[in-house]
Amino acid sequence: MRGSPLLRALLVFLAILALGWPLRRLTSASAAPREQPAAAVAVAKEISLQLSFTLVPKSVKVLHLGREVWSERAPTAEMQRTLGLVFPDAGIDLQFQIEWPADAPLAAMRATLTGPDEIAHEHSVWGQGSVEEVVTFP
């Protein structure tokens with residue numbers, strides 16, 4: 001055998017120690033916190049909502065996130081209103097509460113929403129009596 005085993009162990013220990021300092025620096029958390037990107041501020045946009053009924057209901061309510069945005073006690077067969085709502089890219093959920101006359105046959109409502117991109121999206125709600133339904137517009 002050539003050389004001292006103690007000397008060889010000391011050289012290996014020094015090599016590991018030399019590699020340890022850069023590895024510790026790369027894997028440790030930095031002292032300064034990283035900047036978080038600014039959160040996008042939701043801005044209300046003008047959207048148009050048109051409601052058409054096969055049978056005129058007694059009352060209609062439109063809710064967004066639990067907040068009433070449109071209510072009609074004496075609706076007509078066709079109505080339209082412009083609403084200022086936050087319209088994210090993923091779409092918007094609107095809750096419709098419709099009260100048709102108790103003895104009325106099956107009736108329908110067509111909701112046409114025209115978003116800020118000027119594209120019209122249609123959904124229908126069918127029912128009798130009191131109907132409550134959530135509709136997602138893309």
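Hydrogens, waters and symmetry mates are skipped; everything else that's a heavy atom, side chains included, is used. Given the structure is predicted, the values throughout are model-derived calculations rather than measurements.
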Which heavy atom of [X] sits nearest a heavy atom of [Y], and at what distance?
X      : Y      : result
Pro57  : Pro75  : O-CG, 3.3 Å
Val86  : Ile92  : O-CD1, 3.6 Å
Ile119 : His121 : O-CD2, 3.4 Å
Thr136 : His123 : O-NE2, 3.0 Å
Trp100 : Val125 : CH2-O, 4.1 Å
Leu55  : Ala107 : CB-CB, 3.9 Å

ILVMFWY network linking [X] to [Y], side-chain heavy atoms under 4.5 angstrom:
X      : Y      : answer
Leu51  : Val56  : no
Trp126 : Met109 : no
Leu65  : Leu94  : no
Leu85  : Met79  : yes

Set of salt bridge (charged side-chain N to carboxylate O under 4.0 Å, His left out) partners for Glu78, sequence neighbours left out: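 Checked Glu78 against salt bridge (charged side-chain N to carboxylate O under 4.0 Å, His left out); zero matches.
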Would you indicate whether the side-chain heavy atoms of [Y] and [X] approach each other to under 4.5 Å?
X     : Y      : value
Leu49 : Val62  : yes
Ile47 : Leu113 : yes
Phe96 : Val131 : no
Phe53 : Val60  : yes

Within 6.0 angstrom of Leu6 CG, more than 12 heavy atoms from elsewhere: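 Not buried by this count: 12 neighbours or fewer within 6.0 Å.
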Within 6.0 angstrom of Arg110 CZ, more than 12 heavy atoms from elsewhere: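 No, the 6.0 Å shell around CZ holds no more than 12 heavy atoms from other groups.
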Inter-residue atom distance Thr112.OG1 - Phe137.CZ, 0.5 Å rounding: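 Reported value, rounded in 0.5 Å steps: 7.5 Å.
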Rounded distance [0.5 Å steps], CD1 in Ile16 versus CG in Leu19: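 Output value for this atom pair is 8.0 Å.
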Trp70 side chain to Glu72 side chain, donor-acceptor N/O pair below 3.5 angstrom: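 Side-chain D/A pair, Trp70 to Glu72: present.
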Polar side chain donor-acceptor pair, Glu132 to Gln95, under 3.5 angstrom: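 Yes, a side-chain donor-acceptor pair sits under 3.5 Å.
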Results of side chain to side chain contact (heavy atoms under 4.5 Å, CB included) for Glu99 - residues two or more places apart only: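 Expected list: Lys58, Ser59, Ser130.
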Qualifying residues under ring pair (Phe, Tyr, Trp, His ring centres under 6.0 Å), relative to His64, sequence neighbours excluded: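 Residues passing ring pair (Phe, Tyr, Trp, His ring centres under 6.0 Å) with His64: none at all.
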Candidates Glu122, Gln80, Arg81 - the one meeting side-chain contact (heavy atoms from CB on, under 4.5 Å) with Gln50: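 With Gln50 as partner, Glu122, Gln80, Arg81 yield a single side-chain contact (heavy atoms from CB on, under 4.5 Å), made by Gln80.
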